[in-house]
Amino acid sequence: MKEFLSWDQTLFKDSELFELDHIPEYFHHRDAQLQSLMYCIRPALGGGRPVNSLCIGSPGTGKTTAVLKVFEEIEKHSQNVVPVLVNCQVNSTKYAVFSQIFKKIIGYAPPATGASFKKIFSEVAKYIVEHEKVLLVALDDMNYLFYENEVDGILYSLLRAHETHPGARMGVIAILSDTGVPHLLDPKVESVFLPEEIKFPQYTFDEIRDILSNRIRQGFFPDVIGESVLETIAHHTFSLGDLRVGIDLLKRSGLNAEKRASKTIAQEDVESAYEKSRLVHLSYMMRTLKKEEKILLGLIADSPQSNSGDLYKKFHGKTTLGYTRFYELLNKLGSVKLIDADFTGKGARGRSRVVKLRFKPEEVKIRL
Ligand SMILES: Nc1ncnc2c1ncn2[C@@H]1O[C@H](COP(=O)(O)OP(=O)(O)O)[C@@H](O)[C@H]1O
Ligand SMILES: [Mg+2]
């Protein structure tokens with residue numbers, strides 16, 4: 001048996017499994033969430049209005065995948081429900097969101113200019129009523145609709161469609177990245193939305209190891225990764241709490257091993273891959289930050305290990321925001337694992353905290 005890979009050999013049996021937008025066949029550890037989603041959608045299968053839902057959890061906890069899995073089932077088994085998943089990061093205005101819905105229902109995109117929102121909306125509603133369909137819209141990464149202040153208008157149009165277009169049945173699955181700060185809706189919208197909350201907790205270490213080992217079994221040839229290397233990958237993934245990191249690590253470590261013409265992945269392949277894979281989480285998180293959060297993170301990047309009291313002075317000087325808000329933002333940056341902010345409980349300033357950046361300052365700064 002040859003010890004090295006030849007130029008036309010590969011470790012990857014199916015590299016598609018290591019792409020982040022791949023919808024995995026093996027999707028365990030989310031049974032409760034899938035069941036809750038089905039419970040909300042069930043009325044629609046019988047022609048009624050679905051119960052609205054709110055899927056909430058930190059990045060890489062399987063929210064988008066869970067909704068897509070449920071949509072696959074609906075498309076297989078139901079004629080009358082039309083599920084549409086809208087990526088709100090890309091489609092962050094009312095017009096863009098409804099253009100996506102229009103495209104799914106009517107089959108082609110509405111003109112980019114010239115058509116009014118009202119026209120597009122009314123075409124969608126008319127189609128739904130005439131064909132006796134139920135529209136189920138998943139607003140993925142709905143956080144982005146808050147930044148553009150579009151969220152209330154979009155939810156309001158969807159949820160009160162039956163008033164303007166009698167017989168139009170629509171429901172919403174809101175998918176929100178949990179960032180530690182509450183996202184508030186207009187009370188008028190809240191009163192018609194009333195979602196069933198579906199929580200996506202972070203995966204445990206054992207769940208992460210199980211999910212990754214199944215990807216390995218399906219995506220790599222046998223014996224490419226040993227137990228201890230898998231442990232390392234699971235450990236890195238768990239430390240950032242984002243499954244995306246683990247999947248990206250598998251791909252990059254595999255490529256690193258191939259570069260060395262090795263038939264197996266070694267710890268060194270994982271360690272050098274981690275330098276890049278950890279940035280997958282950083283980039284994703286930083287895209288969801290608001291202006292004040294970016295300012296605070298920028299100040300932390302300027303002095304990566306600072307005292308919370310000093311940090312507050314600088315932050316206040318720059319934004320005039322008060323301590324409560326500062327404290328909330330600090331907790332948020334901690335909860336999304338961009339910084340460590342531990343209570344020291346000691347020191348001249350009383351309950352001051354040492355704030356540490358979890359990434360290199362340059363890595364953060366180029367993304368601000
Ligand atoms: N339970 C699971 N089993 C297998 N793969 C999963 C599971 N949960 C998440 N993934 C994978 O992890 C990545 C991130 O999941 P995703 O659904 O996009 O997370 P979120 O929408 O919560 O940020 C995707 O590539 C997905 O295939
Ligand atoms: Mg997602």
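Residue numbers start at 1 and run along the sequence shown. Counting starts at 1 for both ligands and their atoms, in listed order. These numbers were taken from a predicted model, which means no experiment stands behind them.
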**OP:** Return the orientation label for the Phe326 and Tyr323 ring planes: parallel under 30°, perpendicular over 60°, tilted otherwise.
**Re:** tilted

Original post:
Considering only heavy atoms, does Asp140 approach ligand 1 within less than 4.0 Å through its side chain, its backbone, both, or neither?
Top reply: neither

**OP:** Check Glu207 against ligand 1 and report side chain, backbone, both or neither, counting heavy atoms closer than 4.0 Å.
**Re:** neither

Original post:
Less than 3.5 Å between some nitrogen or oxygen of Glu19 and one of ligand 1, yes or no?
Top reply: no

**OP:** Using non-hydrogen atoms of the residue, decide whether Pro59 is closer than 4.0 angstrom to ligand 1.
**Re:** yes

Original post:
Is Tyr203 in contact with ligand 1, taking contact as a heavy-atom separation below 4.0 Å?
Top reply: yes

salt_bridge([X], [Y]) N-O dist < 4.0 Å:
| X | Y | answer |
| --- | --- | --- |
| Arg325 | Glu328 | yes |
| Glu132 | Arg169 | no |
| Asp178 | Lys199 | no |
| Lys251 | Glu258 | no |

[atom]: the protein heavy-atom neighbour that sits closest, reported with distance to 0.1 Å:
| atom | value |
| --- | --- |
| atom 21 (O) of ligand 1 | Thr64 OG1, 2.8 Å |
| atom 22 (O) of ligand 1 | Lys63 NZ, 2.7 Å |
| atom 11 (C) of ligand 1 | Ile247 CD1, 3.6 Å |
| atom 18 (O) of ligand 1 | Arg244 NH1, 3.6 Å |
| atom 19 (O) of ligand 1 | Gly62 N, 3.2 Å |
| atom 26 (C) of ligand 1 | Thr65 OG1, 3.5 Å |

Heavy atom to [atom], shortest distance: which of [options] holds it?
| atom | options | value |
| --- | --- | --- |
| atom 24 (C) of ligand 1 | Ile211, Leu212, Leu20, Asp178 | Leu20 |
| atom 20 (P) of ligand 1 | Ser58, Ala66, Gly60 | Gly60 |
| atom 2 (C) of ligand 1 | Phe27, Tyr26, Phe18 | Phe27 |
| atom 10 (N) of ligand 1 | Leu243, Thr237, Asp248 | Leu243 |
| atom 1 (N) of ligand 1 | Arg215, His28, His29 | His28 |

Subject >> Exercise: do Glu196 and Ser36 side chains pair donor with acceptor under 3.5 Å >> reply: no

Subject >> Glu271 and His236 side chains, donor-acceptor separation under 3.5 Å >> reply: yes

Original post:
What do the steps show when you test His28 against Tyr26 for ring pair (Phe, Tyr, Trp, His ring centres under 6.0 Å), and what is the final call?
Top reply: CA-CA 6 Å; His28 287 195; Tyr26 178 92; 4.0 Å; yes

Original post:
Tyr203 and side-chain hydrogen bond (donor to acceptor under 3.5 Å, both in side chains): which partner among Arg30, His29, Arg209?
Top reply: Arg30

**OP:** Check whether NZ of the Lys or CZ of the Arg Lys133 lies under 6.0 Å from the centre of the six-membered ring of Tyr127 and within 45 degrees of that ring's axis.
**Re:** no

Subject >> Ser177 near the Mg ion (ligand 2): N/O/S under 2.8 Å >> reply: no

Original post:
Looking only at atom types and distance, does a side-chain atom of Asn214 sit under 3.5 Å from a main-chain N or O of Asp210, one as donor and one as acceptor?
Top reply: yes

Original post:
Which atoms from ligand 1 have a heavy atom of Thr61 less than 4.0 Å away?
Top reply: 19 (O), 20 (P), 22 (O)

Original post:
Against heavy atoms of His22, which atoms of ligand 1 measure under 4.0 Å?
Top reply: 27 (O)

**OP:** Step by step, work out the side chain to side chain donor-acceptor pair (under 3.5 Å) result for Glu292 and Thr319.
**Re:** CA-CA 8 Å; Glu292 301 123 48; Thr319 61; over 6 Å; no

